[in-house]
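Each residue takes its place number in the sequence, starting with 1.
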Amino acid sequence: QVQLVESGGGLVQAGGSLRLSCAASGRTFSNYAMGWFRQAPGKEREFVAACSSNGGRTYYADSVKGRFTISRDNAKNTVYLQMNSLKAEDTAVYYCAGDQTLYRGTYYLTIEPSNYDYWGLGTQVTVSS
């Protein structure tokens, strides 16, 4: 069982930066691929970024590539999302999610929300234009 708690959201002007954190409980954080998703009002939840359990592989949505960076610190049971050059269209509730990767290797990751086993409650990011 893993519990995920996001933090770091807030209000920022366009062009600014935020760093989101997702702290995980439990001792098996290093067995989980992690992902960030977001949901804007009136829209479906969408994939943002994913990171393999060993941190060695990452993947990004085209809309954030070059601006966002996902990283993790397994010693701190935390995954991060550094968001730079923020745009108004990045406004959303951001969720982190964990996908247990037993038997799938340390470089496994997924962009499909249905594959994730655990979700945080989300943190609001608002970008003013």
Side-chain angles (χ1 to χ4, degrees):
Q1 189 82 9
V2 174
Q3 291 185 325
L4 304 174
V5 179
E6 302 95 336
S7 62
L11 174 64
V12 64
Q13 288 188 332
S17 299
L18 282 175
R19 187 175 83 155
L20 305 183
S21 299
C22 174
S25 65
R27 298 178 296 171
T28 59
F29 178 73
S30 60
N31 289 340
Y32 286 79
M34 300 298 295
W36 285 96
F37 293 79
R38 66 187 181 186
Q39 187 167 19
K43 295 187 177 181
E44 293 187 354
R45 189 171 299 189
E46 66 172 356
F47 167 77
V48 175
C51 180
S52 61
S53 61
N54 65 359
R57 183 181 173 210
T58 58
Y59 191 81
Y60 299 91
D62 287 343
S63 59
V64 307
K65 199 173 297 182
R67 300 188 297 124
F68 291 10
T69 302
I70 187 172
S71 62
R72 65 189 295 159
D73 185 339
N74 284 349
K76 296 182 178 180
N77 282 10
T78 303
V79 63
Y80 305 97
L81 185 68
Q82 177 67 43
M83 306 186 295
N84 299 329
S85 302
L86 283 161
K87 306 175 181 179
E89 52 263 44
D90 294 319
T91 295
V93 177
Y94 283 71
Y95 301 89
C96 73
D99 175 20
Q100 194 170 46
T101 63
L102 289 178
Y103 314 120
R104 287 181 286 189
T106 56
Y107 285 93
Y108 165 85
L109 57 78
T110 179
I111 68 171
E112 295 296 331
S114 61
N115 289 340
Y116 284 85
D117 305 300
Y118 301 101
W119 291 82
L121 296 179
T123 185
Q124 175 71 46
V125 171
T126 303
V127 184
S128 63
S129 56

So [Y] and [X], do their side chains get closer than 4.5 Å, heavy atoms only?
X	Y	answer
Ile70	Val79	yes
Thr69	Tyr60	yes
Glu46	Arg38	yes
Val2	Phe29	no
Tyr116	Leu4	no

Would you check if the side chain of [X] reaches a backbone N or O of [Y] as a donor-acceptor pair within less than 3.5 Å?
X	Y	value
Thr91	Val127	yes
Glu6	Gly122	yes
Arg57	Ser52	no
Arg67	Ser85	yes

**Message:** Could you walk me through whether Ser21 and Tyr80 satisfy the side chain to side chain contact (heavy atoms under 4.5 Å, CB included) test, starting with their C-alpha distance in whole Å, then the side-chain angles of each, then the deciding distance to 0.1 Å, before giving a yes or no?
**Reply:** CA-CA 5 Å; Ser21 299; Tyr80 305 97; 3.4 Å; yes
What's the shortest heavy-atom distance between [X] and [Y], and which atoms?
X	Y	answer
Gly9	Leu20	N-CD2, 3.6 Å
Ser30	Asn74	CB-ND2, 3.7 Å
Pro113	Trp119	O-CZ2, 3.5 Å

**Request:** Report the relative orientation of the aromatic rings in Phe47 and Phe37; use parallel for angles under 30°, tilted for 30 to 60°, perpendicular for over 60°.
**Result:** perpendicular
From [X] atom [atom1] to [Y] atom [atom2], the distance as rounded to the nearest 0.5 Å:
X	Y	atom1	atom2	value
Asn84	Ser17	CG	OG	3.5 Å
Ile111	Asp99	CD1	CG	12.5 Å
Asn54	Asn31	CG	CG	11.5 Å

**Request:** Verify the cluster assignment for Leu86 and Val48: are they in a single hydrophobic cluster under the rule of side-chain heavy atoms below 4.5 Å apart?
**Result:** yes
**Asked** Taking the six-membered ring for Trp, is the centroid-to-centroid distance between Trp36 and Phe68 below 6.0 Å?
**Response** no
**Under-4.0 Å salt bridge between Asp90 and Lys87** =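 Result for this pair is no, no salt bridge flagged.
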